[in-house]
Amino acid sequence: MKRSARCIKRSIAVGAAVAAAVALQSASGASAAPAPTPPPGQQIIGGPPAAQGEFPFMVRLSMGCGGSLIRDNVVLTAAHCVDGSGPNTSITVTAGVVDLQDPKAVKVKSAEVLQAPGYNGKGKDWALIRLATPIKDVETLHLAEDDSFDHGKFTITGWGADKEGGAQQRFLRKAKVPFVNTTACQLAYGSELTPGEEICAGFVAEGGVDTCQGDSGGPMFRRDEDGDWVQVGITSWGEGCARPGKPGVYTKVSAFSAQIEKAAGKMAR
Ligand code: 4AZ
């Protein structure tokens with residue numbers, strides 16, 4: 001099966017299962033006092049929980065994807081997380097928390113969606129969501145304007161599965177993954193990879209750390225020379241999760257940042 005179809009199916013299935021999975025987790029963990037700290041474990045896959053406020057630009061989308069705030073009223077996510085372009089009030093965006101059940105969570109509805117022009121399931125996996133109301137005083141994430149940040153170690157974050165086929169998470173997880181060059185990534189994926197539009201990351205030899213189902217649309221980012229976060233990728237796809245020889249594939253933000261900024265600027269006003 002084409003990987004695009006596989007990923008789209010997955011994200012929809014995850015969307016349907018999210019509320020239930022998160023509700024279940026809270027129910028099973030709710031017997032004691034409200035849990036201020038996450039349960040122990042190694043999730044996104046292979047990383048610890050994020051601290052409250054550590055990634056203020058990180059949001060959860062109600063269809064079961066991640067996203068990043070690039071304006072106070074615009075979220076960047078994956079094209080395969082949305083249905084198309086146009087007015088759309090069906091998405092709930094949860095911001096400002098690592099715990100999706102935190103009563104302080106800021107929840108806002110979408111107003112409009114822009115799916116990447118020309119998106120057909122291969123490459124171009126980006127989309128913008130305009131919010132009905134801006135998130136107050138939020139620290140937005142800056143986009144890589146060129147490929148000068150496409151190397152080194154990247155941070156990945158999400159509420160997605162903690163293992164292949166695993167449950168969606170109540171608490172935001174983070175992990176670090178190294179850049180994988182195009183030659184090595186093509187060795188893994190052949191013509192399924194769209195070089196120039198996608199960037200790969202992961203521990204190819206050993207696996208073990210990765211994004212997984214439900215992390216899609218979330219940002220992959222690193223620090224620039226000033227120590228500020230810069231987004232280099234959008235979680236897109238991969239064969240399974242955290243498998244040796246199968247790195248994660250991310251939309252190469254620098255290839256689209258001019259187009260994204262222009263579209264976001266139009267949308268935001
Ligand atoms: C997904 O379905 C997904 N291991 C995201 C990332 C990866 C695989 C699947 C990469 O959302």
Side-chain angles (χ1 to χ4, degrees), residues 1-18 21-22 42-47 58-68 75-83 91 115-116 119 121-127 154-169 172-180 184-190 192-194 197-221 231-253:
M1 191 193 283
K2 271 195 71 184
R3 68 89 188 154
S4 51
R6 192 178 66 213
C7 273
I8 289 162
K9 266 200 195 137
R10 263 190 194 157
S11 87
I12 290 166
V14 167
V18 164
V22 169
Q42 293 286 298
Q43 287 104 16
I44 206 175
I45 293 184
M58 183 72 202
V59 298
R60 176 69 167 177
L61 307 179
S62 53
M63 83 292 277
C65 280
S68 56
V75 168
L76 178 61
T77 186
H80 82 259
C81 290
V82 301
D83 285 335
I91 303 166
Q115 194 177 42
Y119 174 70
K122 182 169 165 59
K124 299 181 182 49
D125 196 6
W126 66 268
F154 306 128
T155 298
I156 47 177
T157 50
W159 287 272
D162 58 343
K163 55 179 183 283
E164 247 186 86
Q168 297 293 296
Q169 300 296 303
L172 182 65
R173 307 289 167 165
K174 63 173 180 177
K176 274 190 183 170
V177 282
F179 171 74
V180 172
C185 201
Q186 277 177 315
L187 213 57
Y189 294 121
E192 289 196 78
L193 189 73
T194 309
E197 298 193 2
E198 293 176 327
I199 174 175
C200 303
F203 295 91
V204 177
E206 53 279 60
V209 186
D210 200 3
T211 43
C212 199
Q213 295 160 25
D215 291 323
S216 273
M220 178 170 80
F221 46 97
Q231 183 169 358
V232 299
I234 303 167
T235 302
S236 183
W237 63 280
E239 191 176 313
C241 305
R243 297 183 189 176
K246 300 293 177 186
V249 184
Y250 300 80
T251 306
K252 185 180 162 86
V253 165

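Atoms within a ligand are numbered from 1 in the order they appear, just like the ligands themselves.
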Item to check | Any G240 heavy atom less than 4.0 Å from ligand 1 | outcome: yes
Item to check | I199 side chain reached by M220 side chain, heavy atoms, under 4.5 Å | outcome: yes
As an exercise, state the distance from [atom1] of [X] to [atom2] of [Y], rounded to the nearest 0.5 Å.
X	Y	atom1	atom2	result
I234	L76	CD1	CG	4.0 Å
R173	D162	CZ	CG	7.5 Å
C212	K163	SG	NZ	10.0 Å

Checklist entry - Which residues satisfy the side chain to side chain contact (heavy atoms under 4.5 Å, CB included) test with V180, sequence neighbours excluded? => result A184, C185, C200, V204, P247
Checklist entry - What part of C212, side chain from CB on, backbone N/CA/C/O, both or neither, has a heavy atom under 4.0 Å from ligand 1? => result backbone
Next on the checklist: Taking 4.0 Å as the limit for heavy-atom contacts, which would you say applies to T235 with ligand 1: side chain only, backbone only, both, or neither?
Outcome noted: side chain
Is any N or O atom of [X], backbone or side chain, closer than 3.5 Å to an N or O atom of ligand 1?
X	result
S216	yes
W237	no
T211	yes

Checklist entry - Given the rule in the side-chain contact (heavy atoms from CB on, under 4.5 Å) test, do E192 and W237 qualify, once you have shown the distances and angles that lead to the verdict? => result CA-CA 11 Å; E192 289 196 78; W237 63 280; 3.8 Å; yes
Can you name the atoms of ligand 1, numbered from 1 with element, that are less than 4.0 Å from a heavy atom of [X]?
X	answer
G214	11 (O)
D210	4 (N), 10 (C)
C241	4 (N)

Checklist entry - Minimum heavy-atom separation for G233 to Y250, with atom names? => result CA-CB, 4.1 Å
